[in-house]
Amino acid sequence: MPSSRKGAVMQPRRSAQWYAGDVRNSYIHRAWMRRGLPAGAFDGRPHIAIANTASDLTPCNAHLNEVARSVSDGIHAAGGIPLNLPVVSLGETQVRPTAMLWRNMAAMAIEEMLRANPIDGVVLLGGCDKTIPALLMGAASVNLPAVVVPGGPMLTGTFRGVPLGCGTGVWQLSEEVRAGTLSAAEFARSESSMIRSKGHCNTMGTASTMGLLAEVLGMTLPGVAGTPAPDSRLLEAAHATGELVVDLVDRDLRPSAVMTRGSFLNAVVALAALGGSTNAVVHLLAIAGRLGVELSQDDFERAGSHVPLLVDLQPAGRFLMDDLYRAGGLHAVLAEIRDLLDPAALTVTGRPLVEYLGAAQVYDREVIRAREQPLQPQAGIAVLYGNLAPDGAVIKPAAASPELLQHRGPAVVFDSIEDLNARLDDPELTVTPDSVLILRGCGPKGYPGMPEVSNMPLPAKLLAEGVRDMVRISDGRMSGTAYGTVVLHVTPEAAAGGPLAKVRTGDMIVLDLANRRIDVDLPDEELAAREPAPEAVQAFARPRRGWERLYVDTVGQANTGADCDFLLGSSGDQVSRESH
């Protein structure tokens, strides 16, 4: 059905498949939707879903209803019909055993609801760690015109007179309590200081990383990513996004035309320059897998590992997200590395990303460094291989201790998170600063869901000696707000037959960042002959029913994005059969 809006490109509307005509089914579809809609709602105006992850149980996204109202106003102003669509919301800090267990389920539900309903385009509202990845995965699979509004970071809180980064401060202060240098009462008092306002984590954790990378992928209104959640300019951008999505539908510009290989490689480069979360690896791989875009774990090494770290933000640096926004924001960072970006990669406006960088300025060179004076010269995600990780593992050098990136030490092995919690602070635990802590059974299948437990606390007796970092290895993930010399995403995971299941306490472990190696110093024959540790096998997840069972039976490994095999690729937006 043609649009009735003045100046609009004439396009048949997908929603007309539901609403056009005088047959019984069209009557049913229209009649049940006429509750306050304008008389011309079904004359060809685009119907736009606002996929809204607002939830009181996802505190970082609780303000998105307010954002949705501004999006709705923008859609109205552009002649569209806005439709609020609550979708699965995953609160990183709340759900157990881990939000990652349900990322794929949320993406599947979002995809199915977008496909099943009479909509022509969608605005995706997310903030907390898994919400933007799930929204992009679902939108990519249905491939309707789509645009993201990131919910934005919270404002900086202070404690004891200094800025307190949420997430990062938790790890730092909790170790102080365990070391006896901070009282439990003071630790509790820091809670309200840390979470000062609405918004997601204000460090360069996963939420901030994925919000920024959504823009680098081309999927936001240029200039919006990183706007603090309480800033009125976020609502202004939300209104403009509502107007934009109507134009996006008219031009039939879809995610598959925006998120190309060049866009993903731009995201890999930006991830390095920002000092972003290692979790972006599994999320970008999963989104690319839905689009059929060629992207591998090794692309993070090839395209990103030698990119300099330019942003001085926690956990790799000192400042926080509202400092980055004040200092010039994402575009100011990208302008420093413009020559490394694919100039053809588009945004949802139809213009290339690089066209928006010409006016970018840096207002604080402490926060955003010049390329010639980086925080670190080579700080992108590094991909390691070796007999401990035949299919790869990752490490974030920007968050590691440089002196530990070439290390040899004896393994101290924990067969599960419960084993670690029970023994870590035992005074009789045989452990020294040179030891390598290994936590297994924390991959997608083993936990299940690949939780953020890999940044293991340090043994209390070493904390008391002043030790604040050790080499740690796991098949799980690490919070993007965390720091330390941690080898993550070891693949295959222990529960999928990986050699990590065979390591024993006392085995010598060798981390060699320069040569991109992670090994156990054993002859190949001896390692192959060993059986997996019975205690580790006993702790692997064995769900009997429901989503957990489906997930464990079908989930892939971290090196391919940890998506479920039956969700790879896309099914498009067509629905062939009527409901009545």
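Note: hydrogens, waters and symmetry copies are ignored here, and every other heavy atom, side chains too, is used. Bear in mind that the values here come from a model prediction, so they are computed numbers and not experimental data.
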Could you grab the distance from atom [atom1] of [X] to atom [atom2] of [Y], nearest 0.5 Å is fine?
X    : Y    : atom1 : atom2 : answer
T93  : H200 : OG1   : NE2   : 13.5 Å
L217 : M210 : CG    : CE    : 7.0 Å
L164 : Q172 : CG    : CD    : 8.0 Å
L384 : L513 : CG    : CG    : 6.5 Å
M470 : D434 : CE    : CG    : 8.0 Å
Q376 : L310 : CD    : CG    : 11.0 Å

Keeping the roles fixed (side chain from [X], backbone from [Y]), state whether a donor-acceptor pair exists under 3.5 Å.
X    : Y    : value
D475 : G441 : yes
K396 : V486 : no
T203 : C201 : no
R196 : L155 : no
Q94  : L57  : no
N266 : L341 : no
S208 : M204 : no

Identify the two heavy atoms, one from [X] and one from [Y], that lie closest to each other, and give their separation to 0.1 Å.
X    : Y    : value
F264 : L284 : CE2-O, 3.6 Å
R178 : P457 : NH1-CB, 3.6 Å
A389 : I518 : CB-CG2, 3.9 Å
C128 : L90  : SG-O, 3.8 Å
H283 : M100 : CE1-SD, 4.0 Å
T209 : S277 : OG1-N, 3.0 Å

Report task. Taking side-chain contact (heavy atoms from CB on, under 4.5 Å) as the test, write out the residues that go with T554, two or more places apart. Result -> L550, C564, D565, F566

4.5 Å side-chain heavy-atom contact, [X] and [Y]:
X    : Y    : answer
V281 : I381 : yes
W102 : V95  : yes
L101 : E548 : yes
V431 : L437 : yes
P444 : E493 : yes
R516 : V383 : no
M456 : L424 : no
L313 : M321 : yes

Query - Residues R318 and E366 bridged, charged N to O under 4.0 Å - result: yes

Query - Trace of the side-chain contact (heavy atoms from CB on, under 4.5 Å) decision for T485 with H407 - result: CA-CA 10 Å; T485 310; H407 184 80; over 6 Å; no

**Report entry** E403 atom CD, neighbour heavy-atom count above 12 within 6.0 Å
**Finding:** yes

Requested in this report: Evaluate whether atom CD of E526 has more than 12 neighbouring non-hydrogen atoms of other residues, nucleotides or ligands under 6.0 angstrom away.
Outcome: yes

Requested in this report: With sequence neighbours left out, write down each residue that passes salt bridge (Lys or Arg N to Asp or Glu O under 4.0 Å) with R189, or none if nothing qualifies.
Outcome: E186

Report summary line: From the list D469, V471, V467, L458, side chain to side chain contact (heavy atoms under 4.5 Å, CB included) partner of P433 resolves to V467

Report summary line: From the list D521, L388, V487, side chain to side chain contact (heavy atoms under 4.5 Å, CB included) partner of I509 resolves to L388

Report task. Decide whether E215 and T220 meet the rule of one side-chain donor and one side-chain acceptor closer than 3.5 Å. Result -> yes

Query raised in the report: Run the side-chain contact (heavy atoms from CB on, under 4.5 Å) check on M450 and T98 step by step: do they pass?
Result: CA-CA 7 Å; M450 204 180 178; T98 171; over 6 Å; no

Report task. Determine, stepwise, if the pair L511 / L404 fulfils side-chain contact (heavy atoms from CB on, under 4.5 Å). Result -> CA-CA 8 Å; L511 168 61; L404 291 176; 5.7 Å; no

Side chains of residues 409-417: which donor-acceptor partners sit under 3.5 Å, not counting sequence neighbours?
unit_1: D415; atom_1: OD1; unit_2: R440; atom_2: NE; d: 2.8
unit_1: D415; atom_1: OD1; unit_2: R440; atom_2: NH2; d: 2.6
unit_1: S416; atom_1: OG; unit_2: E418; atom_2: N; d: 3.4
unit_1: S416; atom_1: OG; unit_2: E418; atom_2: OE1; d: 3.4
unit_1: S416; atom_1: OG; unit_2: D419; atom_2: N; d: 3.1

Report task. Applying side-chain hydrogen bond (donor to acceptor under 3.5 Å, both in side chains), name anything that partners E176, two or more places apart in sequence or on another chain. Result -> R160

Report task. Apply side-chain contact (heavy atoms from CB on, under 4.5 Å) to the pair L295 and I287, showing each step before the final yes or no. Result -> CA-CA 10 Å; L295 187 73; I287 298 165; over 6 Å; no

Requested in this report: Determine which pairs satisfy side-chain hydrogen bond (donor to acceptor under 3.5 Å, both in side chains) with at least one residue from residues 447-463, sequence neighbours left out, and list them in order.
Outcome: N279-E452, E452-R477, S454-S474

Report summary line: Exactly one candidate in D391, D298, D519 meets side chain to side chain donor-acceptor pair (under 3.5 Å) with Y385; the answer is D298

Query raised in the report: Can you check salt bridge (charged side-chain N to carboxylate O under 4.0 Å, His left out) on R530 and D507, steps first, answer last?
Result: CA-CA 13 Å; R530 283 187 182 179; D507 288 342; 2.7 Å; yes

Query raised in the report: Are T58 and S89 close enough, and set up right, to give a side-chain hydrogen bond (donor to acceptor under 3.5 Å, both in side chains), and what steps lead you there?
Result: CA-CA 7 Å; T58 307; S89 186; 2.7 Å; yes

Report task. Any salt bridge (charged side-chain N to carboxylate O under 4.0 Å, His left out) involving residues 98-107? Give me the pairs, sequence neighbours left out, ordered by first then second residue. Result -> none

